[in-house]
Structures are given as structure tokens and as C-alpha cells.
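Encoded as C-alpha cells, the structure appears first; notes follow it.
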Amino acid sequence: MSSEIVLTLPDGSERSVPAGTTPLEVARAIGPRLAADAVGAALDGAPVDLRTPLGRSGAFRLYTAKSPEAGDFIRHSAEHVLADAVTRLWPEALYDAGRKDHSEKFQYDFRFARAFTPEDLAAIEAKMREILAEDSTFERLEVTRDEAERIFRELGNDLKLERLKDIPAGETITLYRHGRFLDLCRGPHAQRVSQIGAIRLLEASGVYFKGDERNERLQRIYGTAFGSARELEAYDRALEEARARDHRRLGPELDLWSFSPLAPASPFFHPKGAAVYNGLIGYVRELNARHGYGEVVTPQILDVELWHTSGHWANYRENMFFTELDERQYAVKPMNCPTHCLIYQTGKRSYRDLPIRYADFGRLHRYERSGVTSGLTRVRSFAQDDAHVFCTDDQVEAEVMRAVGIILDIYRTFEFRDVAIGVGTRPDKRVGSDEQWEVAEAGLCRALDTNGLAYTVNAGDGAFYGPKIDFRVSDAIGRQWQLGTVQLDYQLPQRFELEYVAADGSFRRPVMIHRAMLGSVERFLGILIEHTAGALPFWLAPVQAKVLPLSERFLAYGGEVAARLGEAGLRVEVDVSNEKLGYKIRQAQLAKIPYMLVVGEKELQAGAAAVRTRGGEDLGPIPLAELTRRLVDQAARRAAALPAAGEVG
RNA sequence: GCCGGCAUAGCUCAGGGGUAGAGCAACCGCCUUGUAAGCGGUAGGUCCUCGGUUCGAUUCCGAGUGCCGGCUCCA
């Protein structure tokens, strides 16, 4: 009764096979060589295990160890080899579950009496290599729930029994076996363990069972695996590149900022770092002015009464710093919004006044749990390019889109191409009714939909006072960070009893929109440094040009050149060291300074400077007046490259 | 907050129960320099902090602090 299905191969040819045929059988039909080399398959782009019966027609592909897509099959298989190795070394270790994320890493969790040491990892890795050499074949077994339960009960693995309960009724339960090792697993896996060409265990860590803090603690081992040693080497090179771009290393190295143990997770910006910091804020100030946001300055420390009103006391207290004086309790602000509500309250507002837009670069302090802070991306002291818009219901969509538009503009300026947009919906800990949340969530989605922007919905990811749109970009090692955010808030206006007089004379409640574009200035700077590997855009660079006198004889002229450019508002330094030109160039290059201005006899005579870019390009001598014009123009336009002589004016 | 690792000169790191070393940087001198490291010299340390073991601790043990990799949580 088997019906036929049609598989379309990558070369466009079609193959008709009985439904229930496995990819491996298809491979055998195509050729013995391919059958031997196959690691996995895909139907319409979705990975399929070689032993899974095919149930429908579609675009069919086979992967060998050479295909980049084979990595997922290989790493998934490496998880089982890891669990096998640990179990062989310590039979009492209970294996929970493995996982491979979308990176090149895989992991497996164990119930184990102690933490795994680096020596343990070395022993496990050696055992894994032994297992690879055994070259067993992966087998796929479909079992009933009862059979699966019986098997894991016999193995004494209650973690697996717990996992089994999480599999929805009706779903096919599969086990995979290689050698004598058996695991509850959805697959897909490679054909044979020997197809895992290269493995490395990376680190161990304690984790919670099923990721829940209330559950027991397990021991996790991370590793990576590839089809070939060459791919592992490429992975190492990528890691090295990421390390070279790490802002935590580049920032102090470029003398931008430092940290002190006396103020954990709170950056100290040095003059160069502050120049960049203020450059970012200056850019946002321009945009704020252009879009009708009025900047305000508000206090740092406010009576806790305010935080009771705002709901922060109930929902955000564990992240706040407190202080007491004259028997009065104060809190250091973690957000600006309540202070903006106080400003709103100072006058009677009419619908004609709305929208009112307050921007604020106030310093914020949040007590972040130790262990979660990192570099500039997660700190305890920071500023946001914050703003709050008070508007009518009718104005919400336009105001949301205004903010989204500016955000996308900013990311374009900095050439962030991979921006992911997410909509965060109601979290467990929240204020307000479900109806209010309903309206707010739908409003955000509609604003994105009508503008054709793609986004993912992150359930439970909203702020406690309202849903949010967030904008995320990746750092050098692929970690995603939230930068900009637009949040709707129906709660604070209510808590602060904000109102405006409507056209009909009635009192109405405004809607509040929170928005940040860079997000936190600190985090943005950290990500930007990784994005640019420290070579900041010309307009932001702390030192925009360095004058390199060829010898001591040209120091005076070098000083003149720097002074001339400095008067035009550019940040220029002179290298007064007693070194050869090559050395000076190297120093400027390592400092990632956009332009090097070499001055020697020829330049002195011509009233010029020979320009070399940090990209290594030699632009030759350019007369000072012209150079000044072109550099000033490049900075003003926030352009990536020096405009040609004719373009300036 | 939890699990693990690390902490030696400004930076990168070596060393080791008997009060410490390299390279780079800094400083001084020679050279007067043409597009990524010229040569020589000098100076620089509470070996994170506190406690314990020891005749003696920077080294071994414990606690604390900070940082790093994860978990949980977030801009």
C-alpha cells in the first residue's frame, strides 16, 4: 500500500521512491560512495536523520562531512560521545541531556557529585577519541513511551524519566544508540561516530536542571566538534579574531577607560574615552533637537516615596541603591521616567501641548548581581540616551514610528547591518490589567507591521510597566545585546495621575512612551568598538589625526599643523618622540588613529602634510588649507572617508 | 546570587617554601631619521587583601575582594 513520494535532488533531477524510504537508502541508490560518506540529509531545508523514514515529497539533499551543514549533525553526535565517555569513566554519573546551540558549541549536563576539573576534561576528551576510533554506527530506534520508561528505569536515570514526561503525548519517541550507549534523543545524528573529525572540550560549569534556579544543580560540559581538523583550526582563528576585537581589551589599551575595584562594574572614562562618549551624546542631541525632543536635567537621588508611586519599589528594588539621611530614605535613580512624570505634573497640560517629549542623559545606577556584569556591556553605572514621550492614544503609533525611524537611522550611520527586532510581551512580574496589556502589545506590533519591519515576539520579555520593541545587535563573539528600545507605558501615567485637557474639556490620561536609541551609551560604545575593532569612525575618533615630524627639525612646523587643525575643531596630536618615521607610523597605527600627517622638508616648503590613512593608503601631500577643509567636512558629514578636494564646500 | 578558573612591574607573561625575572612600554643618552619596531643604558614590584601552617610564605591552606568562562537575570 506504500504510496510514492518524489524527491527533487540539488541538480534538479527527480527521484520517485516509496514513502517510508530513509535518506540512507536513497543515498545507496545513488551510489555506494555517497552512501558511505553521507552524514545527514535535509528535506526542504530542514535537517533529517539518515535513518528517519521520509513521509513526503520535497527538495532533498545529502550532506557529507565536507558540507558546512554537516556540523549540526556532527556536534549533535559529539554530545552523545561526550556522555558515553563520561559514563565510561564514572558509571555513577547520570547523564541528563545534551544540546547544541546555533554556534559551534555543544554541551551535555550530568548529575555528578563534584565539579569537573580541567584534568577531568582532558581525561574525558581522551576517552572520546577512543570512542571515535571504535567507529560505531548510530542507530535510530522508535519506541513506545512505556518501553522508554522501562529502559531508563533500568538504567536508574530519573533525570531522563523526568525529561520523558516533557515530551507531548502523540510525539514519536526515539532513542539513539552507538556502541552500547543509549540516549533519549530526537536526533538527527551522523551516520558513524568516526565522521566526527575533530573534537575539543572547552569548559565546565554548574547549571540548573531545566534552567530553573529552584531545581537541582547539574554539571555541564561544553565542547566543540567538526568534520575535520581544518575546520577546528578555522574556529580557533575566529576565536582569536574575536579576542582581538574584545572591547574589554581594546578600551583600556587605547586609553579610553578603566575600572577600579573600588567601584565594581562602573567605568571611569579617560579624556579620550570621554571624547568618544560625548561625541555619541552630541550626535543624539542633534537628532533630539531635529525631532522635537526637549532635553531635561533631573536629580540623581530621590525620596523612596517616588519609587513607591512608580512601582519600582515593588518591582525593581533588588536592582536599586539606597541611602538614608535625616531619617529620610532615598534611592539612587535606576531610570529617568519617574522624574519626567514629576516635570509633566508641574503644569496643566492641554491636548494642544501633546506630544511632550523629554530627553535625558542622566546617570543611572543599577545594582546588578555580581557575576552578571561584563566590560561596558553590563555595568552598574551608566547613562541612556533616554526620552519619554507623553501623548494621546491617537499619537502613539506615529510616536513609536518616529522613534523606530531614528533608531534605524542611527544604526545605518554606524553600519550595523544585523539588527534584530523583537517585541517583548507581558512578564510574570507586572503592573496593570490584562486588557491594558492587550492594547499596548497590539499597538506595538501594528506600528511595526504597517512599516513592513520583521520582528520576533519574545513572550514575557516586556518591562514590568509595559511591552517593548527592542533592537539587538551582535558583539564580536556572536553574543546579542539589546541596544535601542521603545516601550509603551499605560501604568506610570496612571500611578502619577497624569492628565491633559482634551478638546471637549474632559480630563484624559496621556500614554507614555519610553525610548532609547543607543540604549546605554556605555553598552553602545562597547559594541561599537567590537564592531570597528577599535578603529572608530573619523568623527568619533578620540585622536583624529597625528602629526609625525620626520625629525626634530620639523617639530615646530608639526606644531603649527596641529594648531591649525585644532583651531578648526579637530582633535590632533603631534608625535614629539625621538624616533624614526617607521616607528611613529607603527605607534599611530596601533592607536587606530584615522590619519597620519607626515611633515618633512618637502611638506614644510609646500605648506602641506603628507597624508597616510590607517588603512595604509598614502594620499600624498595635501596643502594645509585644503586638508583642513576636507577633514572638517568629513567630520561634519560623519562620513566614512575623506571627501575628494572638489567635493568640499 | 550560583558553579568553576585566575590574580607576580604600566602591559603580556615566566618562576618558585629561603624577601623575584623576560619582552614591550616609561625615563636618559647616541643616531637626525621618508611610510608598521635603530642602538645602548637606567629605573620600576605590598608577588590582590586578611588570617593560618612553618624557623621562614609571594609560593601551601582558609576566608574576603576583583576579574574571566558559564548558569540565572538584564540596557
Side-chain angles (χ1 to χ4, degrees), chain A residues 105 107 109 112 114-118 120-121 202-215 217-222 246 248-249 252-253 255 258-265 316 318-319 334-335 364 366-380 382-386 424 427 429 461 463 468 470-472 477 481-485 487 514 516-524 526-527 548-555 577-590 596-603 610-614 616-621:
Chain A
K105 287 191 195 175
Q107 64 199 44
D109 298 349
F112 196 54
R114 58 179 176 84
F116 290 107
T117 65
D120 290 337
L121 294 191
L202 302 168
E203 67 234 347
S205 163
V207 296
Y208 304 104
F209 181 53
K210 292 186 188 173
D212 190 328
E213 249 176 335
R214 291 163 302 196
N215 285 344
R217 190 161 262 290
L218 302 176
Q219 301 299 328
R220 174 173 296 174
I221 296 175
Y222 288 89
D246 192 331
R248 292 170 302 186
R249 174 198 182 90
E253 210 170 277
D255 196 22
S258 60
F259 284 93
S260 161
L262 297 176
Y316 207 71
E318 61 276 20
N319 284 297
M335 298 183 193
L364 306 177
R366 296 185 187 174
Y367 180 78
E368 297 290 349
R369 298 159 103 187
S370 69
V372 308
T373 60
S374 174
L376 245 39
T377 46
R378 190 81 182 273
V379 292
R380 289 183 176 159
F382 63 105
Q384 293 180 317
D385 59 333
D386 205 6
K429 211 174 181 184
D461 202 30
K468 66 181 186 186
D470 60 55
F471 297 80
R472 296 181 312 275
I477 32 186
W481 291 100
Q482 178 174 325
L483 297 180
T485 178
Q487 310 181 350
H514 308 239
M517 306 183 296
L518 305 178
S520 108
V521 182
E522 279 75 3
R523 176 178 291 180
F524 189 86
I527 301 292
L548 311 182
L550 200 56
S551 74
E552 275 170 7
R553 285 189 298 139
F554 307 106
L555 276 181
S577 71
N578 191 11
E579 297 285 353
K580 290 196 197 313
L581 182 63
Y583 186 87
K584 292 181 179 181
I585 286 175
R586 179 180 160 79
Q587 293 303 314
Q589 197 78 42
L590 291 175
M596 287 155 245
L597 310 178
V598 179
V599 291
E601 188 58 36
K602 283 179 295 191
E603 290 75 17
V611 181
R612 181 194 212 268
T613 71
R614 70 183 156 194
E617 202 183 348
D618 187 353
L619 302 182

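Order of the sequence lines fixes the chain letters, A, B, ..., with proteins taken first and strands second; residue numbering starts at 1 for each chain.
No donor-acceptor distance shorter than 3.5 angstrom exists from the side chain of R366(A) to the backbone of N319(A), with no hydrogens or angles considered. At distances below 3.5 Å, at least one donor-acceptor pair connects side-chain atoms of R380(A) with backbone N or O atoms of E368(A). The backbone N or O of T377(A) sits less than 3.5 Å from a side-chain atom of R523(A), completing a donor-acceptor pair. D385(A) contributes a side-chain N or O that, together with a main-chain N or O of G519(A), makes up a donor-acceptor pair within less than 3.5 Å.
In terms of heavy-atom proximity, A265(A) sits nearest to F259(A) at C-CE2, 3.8 Å. Minimum interatomic distance between R248(A) and S374(A) (heavy atoms only, all atoms of both residues): NH1-OG, 3.4 Å. Of all heavy-atom pairs spanning F382(A) and S520(A), the tightest one is CD1-CB, 3.4 Å. Contact detail for F524(A) and L483(A): the closest heavy-atom pair is CD1-CD1, 3.9 Å.
Scanning atom types as modelled, no donor and acceptor separated by under 3.5 angstrom connect the side chain of R217(A) and the base of C3(B). In terms of polar N and O atoms assigned as donor or acceptor, the side chain of Y208(A) comes within less than 3.5 Å of the base of G1(B) in a complementary pairing. Counting atom types as modelled, R378(A) pairs a side-chain N or O with a base atom of C74(B) as donor and acceptor under 3.5 Å.
As rounded to the nearest Å, C3(B) and G56(B) have C1' atoms that lie 36 Å from one another. On the C1' atoms, C28(B) is 14 Å away from G44(B), given to the nearest whole Å. Taking atom C1' in both C31(B) and G5(B), one finds a spacing of 49 Å when rounded to whole Å. Spacing between C60(B) and C2(B) at atom C1', rounded to whole Å, works out to 28 Å. Taking atom P in both C48(B) and A9(B), one finds a spacing of 8 Å when rounded to whole Å. Rounded to a whole angstrom, the distance from the P atom of U59(B) to that of U53(B) is 15 Å. Spacing of P atoms, C50(B) relative to U8(B), comes out at 16 Å, to the nearest Å. For the P atom pair drawn from G17(B) and C74(B), the interatomic distance equals 48 Å after rounding to whole Å.
Not counting sequence neighbours, S370(A) has no partner by the side-chain hydrogen bond (donor to acceptor under 3.5 Å, both in side chains) test. For E579(A), the salt bridge (charged side-chain N to carboxylate O under 4.0 Å, His left out) test picks out no residue, with sequence neighbours left out. With sequence neighbours excluded, no residue satisfies salt bridge (charged side-chain N to carboxylate O under 4.0 Å, His left out) with R612(A).
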Checklist line | Strand RNA chain B as a dot-bracket string - pairs counted if Watson-Crick or G-U with both distances under 3.5 Å, | where the partner lies in another strand | finding: (((((((..((((....[..)))).(((((.......))))).....(((((..]....))))))))))))....
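Residue contacts shown for K468(A) are limited to sugar-phosphate atoms, with no base heavy atom under 4.0 Å away. No engagement by F524(A) is indicated, since no non-hydrogen atom pair under 4.0 Å with the nucleic acid exists. Y316(A) comes within 4.0 angstrom of no nucleic acid atom, judged by non-hydrogen atoms across all strands. Residue V207(A) is in sugar-phosphate contact alone, with no base atom involved, counting any heavy-atom pair closer than 4.0 Å across all strands shown. Within 4.0 Å (heavy atoms only), R220(A) reaches sugar-phosphate atoms of the nucleic acid but no base atom.
Of the residues near RNA chain B, R523(A) and Y367(A), the one whose nearest nucleotide (by heavy atom distance) lies more toward the 5' end is Y367(A). When each of G484(A) and T117(A) is assigned the nucleotide of RNA chain B bearing its nearest heavy atom, the one mapping closer to the 5' terminus is T117(A).
By the 5.5 Å and 30° criteria, F116(A) is not stacked with the base of G4(B).
Distance E368(A) CD to C2(B) P: 16 Å, rounded to the nearest Å. For D461(A) and A75(B), the CG to C1' distance is 12 Å, given to the nearest whole Å. A straight line from CG of L218(A) to C1' of C2(B) spans 13 Å, rounded to a whole angstrom. Across the protein-nucleic acid pair, E318(A) atom CD and U72(B) atom C1' stand 13 Å apart, rounded to whole Å. Atom CD in E253(A) sits roughly 11 Å away from atom P in C11(B) (whole-Å rounding). Residue L376(A) contributes atom CG, which lies 16 Å from atom C1' of C74(B) at whole-angstrom precision. Protein atom CG of L483(A) is 17 Å distant from nucleotide atom P of C74(B), rounded to whole Å. With rounding to whole Å, D255(A) atom CG is found 13 Å from A26(B) atom P.
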Next item on the list: Heavy atoms under 4.0 Å is the rule here; annotate nucleotides 32-39 of chain B 5' to 3' with B where the base is hit, S where only the sugar-phosphate is, and - elsewhere.
Entry: BBBBBBB-
Check: What does nucleotides 60-68 of chain B look like as a protein-contact string, B for base, S for sugar-phosphate only, - for none, at under 4.0 angstrom between heavy atoms?
Finding: ------SSS
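Checked against C71(B), G4(B), C2(B), the side chain of A115(A) finds its nearest nucleotide in G4(B).
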Next item on the list: Please lay out, stage by stage, how E601(A) and F554(A) fare under the test side-chain contact (heavy atoms from CB on, under 4.5 Å).
Entry: CA-CA 8 Å; E601(A) 188 58 36; F554(A) 307 106; 3.4 Å; yes
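Between D120(A) and Q219(A) the shortest side-chain heavy-atom distance does not fall below 4.5 Å.
F209(A) does not carry R217(A) over the face of its six-membered ring by the limits of under 6.0 Å from the centre and within 45° of the normal.
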